[in-house]
Amino acid sequence: TRSAGDVIGLLIKALVGVAVLTFSGPITLSADSMISSSANPFTLDAAATINQGGNALTFYGNLGVTPLVVNGVITGSGQINKTGANTMTLSSNNAATVTGSAVVSAGTLLVTNAGALGNTAAGTTVASGATLSLQNGLTLAEPLTVNGGTLANNGVGTATFSGGIALSGACVFNTAPSGGNISVTTQPLTGAGSIAKTSLGDLILGVDSPAFTGTVSAQSGVLRVDTAAALGAASPGTSVDGGTLQINVTGASEEVTMS
């Protein structure tokens, strides 16, 4: 365990050979900076608050099995970027302290606090191949732009994305293998990206999304439709490819293909 009140300009890195490295103490960024875990788990505990100012902050992990956990509150207006193949857990409540945007560029960002991504004005982008995952039953009000990435539920209960989702590319909604659900019932889907609904559990679409023009594929579990235009424009339609399409409303005019 290391304690510090350092001004960091470039890099904090978990050292190879240390079983678990815990960083305790405030961190102030003086330039665009990176916090990285390499071969071993790395935790920034609750005392490791991060003042990024207007600087960009990148979290990087190059091994998928090496977790990076951030428990300290982040303050600032710079962009936060998750890169690398590992899973990073963000558990602090940054709703009142972070005003910049966030980007999940690679790997998985696991959010365990509804305010972890900060003020909702700037929004979060999920890149192709990357995953934004919510812990059991969490509701996230963050506006999202998903460019071929994955939205996931990491556990039981219903994970709710309530801030609106703009889709492009081939996107995945991955309900938990344990049967947890994903709910989109407050703000609509928009964009021309496709949706593949994978894994067990329900994907619940409960808000009309007339500006969504992409395809939807129910590949596993249940795709549940609770409003007439929840699947967006009637064309190009929805396919059922191993999952179940459950329509709980009259007046839906979606083109459906069964295979």
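We count residues from 1, following the sequence as given. On a predicted model such as this, the values are computed, not experimentally measured, just so you know.
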query = Are a donor atom and an acceptor atom from the side chains of D45 and T22 found within less than 3.5 Å of each other?
reply =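 Per modelled atom types, D45 and T22 side chains form no pair under 3.5 Å.
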Notebook entry, point to check: Just checking, any donor-acceptor pair under 3.5 angstrom between side chains of N153 and T175?
Noted result: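 No.
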Is it true that [X] and [Y] fall in one hydrophobic cluster, defined by side-chain heavy atoms closer than 4.5 Å?
X	Y	value
L138	L117	yes
L200	V172	no
L140	V104	yes
F23	L29	yes
I50	L90	yes

Atom pair [atom1] ([X]) and [atom2] ([Y]), whose distance is rounded to the nearest 0.5 Å:
X	Y	atom1	atom2	value
I182	S199	CD1	OG	9.0 Å
I165	T124	CD1	OG1	11.5 Å
T83	F59	OG1	CZ	10.5 Å

Going by side-chain contact (heavy atoms from CB on, under 4.5 Å), name the residues that satisfy it together with [X], two or more places apart in sequence or in a different chain.
X	result
T139	T160, S162
A230	L205, V225, T227
Q246	V222, R224, N248

query = Restricting to pairs with a member in residues 73-90, which pass salt bridge (Lys or Arg N to Asp or Glu O under 4.0 Å), not counting sequence neighbours?
reply =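 Applying salt bridge (Lys or Arg N to Asp or Glu O under 4.0 Å) to every pair that reaches into residues 73-90, excluding sequence neighbours, yields nothing.
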[X]: what forms a side chain to side chain donor-acceptor pair (under 3.5 Å) with it, not counting sequence neighbours?
X	value
Q52	none
T198	N174
T131	none
T238	E254

Problem - 4.5 Å side-chain heavy-atom contact, V249 and D226 - result: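 V249 vs D226: side chains apart.
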So, do V184 and F173 sit near enough that their side-chain heavy atoms are less than 4.5 Å apart?
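Counting from C-beta outward, V184 and F173 do come under 4.5 Å.
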Can you give each donor-acceptor pair under 3.5 Å made by side-chain atoms of residues 96-103, sequence neighbours left out, with the distance rounded to 0.1 Å?
{"unit_1": "T97", "atom_1": "OG1", "unit_2": "I74", "atom_2": "O", "d": "2.6"}
{"unit_1": "T97", "atom_1": "OG1", "unit_2": "N94", "atom_2": "O", "d": "3.4"}
{"unit_1": "S101", "atom_1": "OG", "unit_2": "Q79", "atom_2": "NE2", "d": "3.4"}

Exercise: identify the closest heavy-atom pair between [X] and [Y]:
X	Y	value
S33	A31	OG-O, 2.7 Å
A48	S24	CB-CA, 4.4 Å
S92	G72	OG-O, 2.9 Å

Worksheet item: Under the salt bridge (Lys or Arg N to Asp or Glu O under 4.0 Å) test, which residues partner D202, sequence neighbours left out?
Response: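 Salt bridge (Lys or Arg N to Asp or Glu O under 4.0 Å) list for D202, sorted by chain: empty.
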Pairs of donor and acceptor atoms involving the side chains of residues 210-218, under 3.5 Å and at least two apart or interchain, shall be tabulated with distances.
{"unit_1": "S217", "atom_1": "OG", "unit_2": "Q219", "atom_2": "NE2", "d": "3.4"}
{"unit_1": "S217", "atom_1": "OG", "unit_2": "D241", "atom_2": "OD2", "d": "2.5"}

Name the atoms and distances for all side-chain donor-acceptor pairs under 3.5 Å in residues 106-115, with sequence neighbours left out.
{"unit_1": "N113", "atom_1": "OD1", "unit_2": "G115", "atom_2": "N", "d": "2.8"}

